[in-house]
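Beneath this line is the structure, given in structure tokens, with notes to follow.
We count residues from 1, following the sequence as given.
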Amino acid sequence: MSTEETSPQLPADTPLSVGEQLRQARRDKSLSLEEVAAATKISRATLEAIENMDFGRLPADSFTRGLITLYAAFLELDGSTLAARFFLERDGGKRPQLTPLQQSLRRNQLTPKKLAEPAHVSSATIASILFLLIVCSFTAFCLYFSWNPFAFLTDKLFPATASTKPLFHPADPATSNGGQHNNVQVQAFFKQDSRVLVTLDHKPAFEHTYPKGASVLWEADKQMSLEFFQPDSADLQLNGTPLSFPAGSGGRYLLQLPPAPSSSATPAR
């Protein structure tokens, strides 16, 4: 064992400090600082600083407390008690004053019970969040599929009905009364997405694609031609009277008003 500096002799009635008590216990076991350092992984310089109560050479209090506890336990002493006494001796027997930040942290420290408590969120807040998610999802659906739910509900709740008056019908001579009628109206309620080629009187034809659920009204002075490209894609009304969907030929479904003599488009009876 290497030689060590002898500690000063104290009167017999003087109580031993924590450092002196640790040094005495080490010597009673005939251990050198090097042997203790090898066994505890505490550096020799730190062990000397603990035994000499050289506070300036020791690390932060939390680390020093752990080192003293480890050192004392190795010597079969009560480490927790000696570590507490070590800091009391350093502070002259007084507990150190806590900073305002330390006091605040101690008052508001989280206990295991507090950590286990779930966060309190009101049911009204949860319901509002769910409702907002539903509204956003429904809006995105309508925008993606170009669907107007208000027009769909209006058509379902207030379906167009035939008028009780005998309206003019180009295909029904009974309503003509030999007079001159210059108004042809066709309303379509689309049951699926459909492309339609429309010609009104002698104006240039135009083509448009109508989504499922849409409703449209075409009006012409004398003549109208509607060419559909999907079978049975809409419910039709002519001047308020139900009209059969035109028969197809070659994937095209042509409705001419007034109908040509060979046309099969007749009003539904």
Quiz item: Are F87 and F55 close enough that their ring centers fall under 6.0 Å?
Solution: no
Practice problem: Would you check if the distance from the ring center of H208 to the ring center of Y210 is below 6.0 Å? | Solution: yes
State yes or no: do [X] and [Y] share one hydrophobic cluster built from I, L, V, M, F, W and Y residues joined by side-chain heavy-atom distances below 4.5 Å, directly or via other members?
| X | Y | result |
| --- | --- | --- |
| V196 | F206 | yes |
| L70 | I50 | yes |
| F141 | Y144 | yes |
| V186 | V216 | yes |
| L33 | M53 | yes |

Non-hydrogen atoms of [X] and [Y] that approach each other most closely:
| X | Y | answer |
| --- | --- | --- |
| P246 | L255 | CG-CB, 4.0 Å |
| E35 | S30 | OE1-O, 3.8 Å |
| I42 | A37 | O-CB, 3.0 Å |
| Y253 | P231 | OH-CB, 3.3 Å |
| R23 | N52 | NH2-OD1, 2.5 Å |
| A205 | L197 | CB-CD1, 4.1 Å |

Practice problem: Among Ile, Leu, Val, Met, Phe, Trp and Tyr joined by side-chain contacts under 4.5 Å, find the other residues sharing a cluster with L133 and list them by chain and number. | Solution: I129
Quiz item: Excluding sequence neighbours, so at least two apart, what forms side chain to side chain contact (heavy atoms under 4.5 Å, CB included) with A45?
Solution: S43, R57
Quiz prompt | Partner residues of S249 under the side chain to side chain contact (heavy atoms under 4.5 Å, CB included) criterion, sequence neighbours left out | solution = none
Taking [Y]'s backbone N and O only, do any of them form a donor-acceptor pair with [X]'s side chain (distance below 3.5 Å, no angle check)?
| X | Y | value |
| --- | --- | --- |
| S233 | Q230 | yes |
| R44 | E34 | no |
| T64 | P59 | yes |
| E89 | S17 | no |
| R195 | F229 | no |

Beyond-backbone contact of [X] with [Y], side-chain heavy atoms, under 4.5 angstrom:
| X | Y | value |
| --- | --- | --- |
| M224 | L226 | yes |
| V184 | L238 | yes |
| L31 | L75 | yes |
| V198 | L200 | yes |

Rounded to the nearest 0.5 Å, how far does [atom2] of [Y] lie from [atom1] of [X]?
| X | Y | atom1 | atom2 | answer |
| --- | --- | --- | --- | --- |
| S137 | L132 | OG | CG | 9.0 Å |
| S80 | I68 | OG | CD1 | 11.0 Å |
| F86 | D61 | CZ | CG | 9.0 Å |
| T69 | L77 | OG1 | CG | 11.5 Å |

Quiz item: Take atom CD in E207; do more than 12 heavy atoms of anything else shown fall under 6.0 Å from it?
Solution: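 Buried by this count: over 12 neighbours within 6.0 Å.
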Quiz prompt | Residue pairs involving residues 208-220 (criterion salt bridge (Lys or Arg N to Asp or Glu O under 4.0 Å); sequence neighbours excluded) | solution =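 Output for this query is empty, none listed.
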Practice problem: Please name all residues satisfying side chain to side chain donor-acceptor pair (under 3.5 Å) with T199, sequence neighbours left out, ordered by chain then number. | Solution: none
Practice problem: Applying side chain to side chain donor-acceptor pair (under 3.5 Å), name anything that partners Q223, two or more places apart in sequence or on another chain. | Solution: none
Quiz prompt | Trace of the side-chain contact (heavy atoms from CB on, under 4.5 Å) decision for Q237 with F189 | solution = CA-CA 9 Å; Q237 289 188 358; F189 303 92; 4.2 Å; yes
Practice problem: Mind telling me whether F228 and W218 have parallel, tilted or perpendicular rings, with 30° and 60° as the class edges? | Solution: perpendicular
